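Accompanying notes for the structure given below.
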2 protein chains.
Amino acid sequence: MGRPRTPLLNRELIRDTALRLIDADGLAALSMRRLAQELGVQAASLYSHYPTKDDVLDAVANLLTADVDTSGFAGGDWRAGLLIWGRAYHAALSAHPNAVPVVASGTGRRERFLAMADAVHGGLVGAGWPPRYATMIAGSVKYLVIGATSTPFGSGFADDVQVYLDRYPNLTQAHRLAEQAERIDTDSFELGLEALVRGLEDVYAAVGRQR
Amino acid sequence: MGRPRTPLLNRELIRDTALRLIDADGLAALSMRRLAQELGVQAASLYSHYPTKDDVLDAVANLLTADVDTSGFAGGDWRAGLLIWGRAYHAALSAHPNAVPVVASGTGRRERFLAMADAVHGGLVGAGWPPRYATMIAGSVKYLVIGATSTPFGSGFADDVQVYLDRYPNLTQAHRLAEQAERIDTDSFELGLEALVRGLEDVYAAVGRQR
DNA sequence: ACCTGAACACCGTTCAAGT
DNA sequence: ACCTGAACACCGTTCAAGT
């Protein structure tokens, strides 16, 4: 067949289709052959646009972390900045739970990710945190986000789920379990984030900029 | 050849060898064929001991979460309990960073993991936390641990690393970078854990058991 | 430049066959 | 019961060939 008059593929189409397949069937089900099939093309064709499968996954990770709101630091309020950023980041990853491991353990270049990290670090330093603390605080919130979204809920705290569900006897129907598991994860993240920010106030009083 | 006089394999040997290969070469490099080769056996032989590769990985995850110290709750002190458990859990996973994704996203049965979750939940409830809060608090600490150990440090906060290293100009030698990255992760986790526990004190005052 | 077809070196898993 | 050899249906990636 050879080169088509107009290209059949482009990087964005490949990336978006990969994310759609990951969302639908899980990360393990994504193969270059399956992705190509979905695009009506041969697997080898993908290599005209991405050098390796890992580069496709990096593009997906980059997409997920794009447009995460870091504007909360603008007023110099590090608490609002952290809460808004943490919740936005959590929401972005929660929308694609099957893809979170790609974000968590990615090894490649991730421009959008770096831009986000830079905005957060700058916001914290601008609000008076020493750079070393800015690094650790951004890391802590990132840990909460990654942890909350990368552990499928049934995976170890099943007994906790049961205890939790016991508080809401009307929600124990099977068809609501997944929905409820997601709520537990979100509630746990929210409690953790708020407590973390609250606890940081004491630290800030000790090491933050005087003003 | 057929059945040997004395078995060549057993579940523990397979599990321990799998962990050793993961530590040495990474999770992606572990295949049933490579594992069998390391054990001087054919790949098919492994299936006499584990039904699937996922079951081998579950056994590895179970091993990593075995013997994590939850004794800190014994005295009814939820703060000491959380700090001791969180640090022990973090240390256990930090010792095998390549294997953390297996713990984070495992889907199978994990007896030791459930035992640990049960001890923590019981400890929190025993110290006066309502069960619903016990679930969320245990979740928050778990998120910090999983997040801190599952994101290889260079993966996004490289600029932060640089800022951090700028504070320690004598540590920027290449051969100390990995060591320093691990320290940043540990410091960030420690700050996050302490701030989280501190922030929970206010919550406890509002919802904890009166005594 | 972009896509194809075929190939290479791998996978996880199954299963009849051996002892 | 436990291990082997061969097979099945997959992988990621490469590359000469086509337009």
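Every chain is numbered from 1, with letters handed out A, B, ... down the list of sequences. This structure is a prediction, so every number in the text was calculated from the model and none was measured.
- DNA chain C is contacted by both B/Pro51 and A/Arg3; A/Arg3 maps to the nucleotide lying nearer its 5′ end (nearest heavy atom per residue).
- Classified by interplanar angle (parallel below 30°, tilted 30° to 60°, perpendicular above 60°), the ring pair B/His90/B/Phe189 is parallel.
- Residue A/Ala43 is the one, among A/Ala43 and A/Arg33, whose nearest nucleotide of DNA chain C lies closer to the 5' end (criterion: closest heavy atom).
- Inter-residue side-chain proximity for A/His96 and A/Ile22 is flagged as unmet; no heavy-atom pair is nearer than 4.5 Å.
- Distance alone, capped at 3.5 Å, is enough to place a donor-acceptor pair between the A/Lys53 side chain and the A/Leu30 backbone.
- Few gaps surround OH on B/Tyr50; more than 12 heavy atoms of other groups in view lie less than 6.0 Å from it.
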Test A/Tyr204 against A/Trp78 for ring pair (Phe, Tyr, Trp, His ring centres under 6.0 Å), laying out the working first.
-> CA-CA 10 Å; A/Tyr204 185 75; A/Trp78 61 269; 5.4 Å; yes
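- Residue B/Ser31 is in sugar-phosphate contact alone, with no base atom involved, counting any heavy-atom pair closer than 4.0 Å across all strands shown.
- Once you apply a 4.0 Å limit to the heavy atoms of chain B, the touched nucleotides of DNA chain C run 5' to 3' over C/dC11 to C/dT19.
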Can you give the dot-bracket line for DNA chain C, where a pair is Watson-Crick or G-U wobble with both atom distances under 3.5 Å, crossing pairs use [ ], and | marks a partner on another strand?
-> ||.|||||...|||||.||
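- Of the possible polar contacts, none joining the A/Asn98 side chain to the A/Leu27 backbone as a donor-acceptor pair under 3.5 Å is found.
- Proximity of a side-chain donor or acceptor of B/Arg15 to a complementary backbone N or O of B/Val60 within less than 3.5 Å is not detected.
- A donor-acceptor contact closer than 3.5 angstrom links the side chains of A/Asp69 and A/Ser71.
- Across all strands shown, B/Ser48 has heavy atoms under 4.0 Å from base atoms, whether or not it also approaches the sugar-phosphate.
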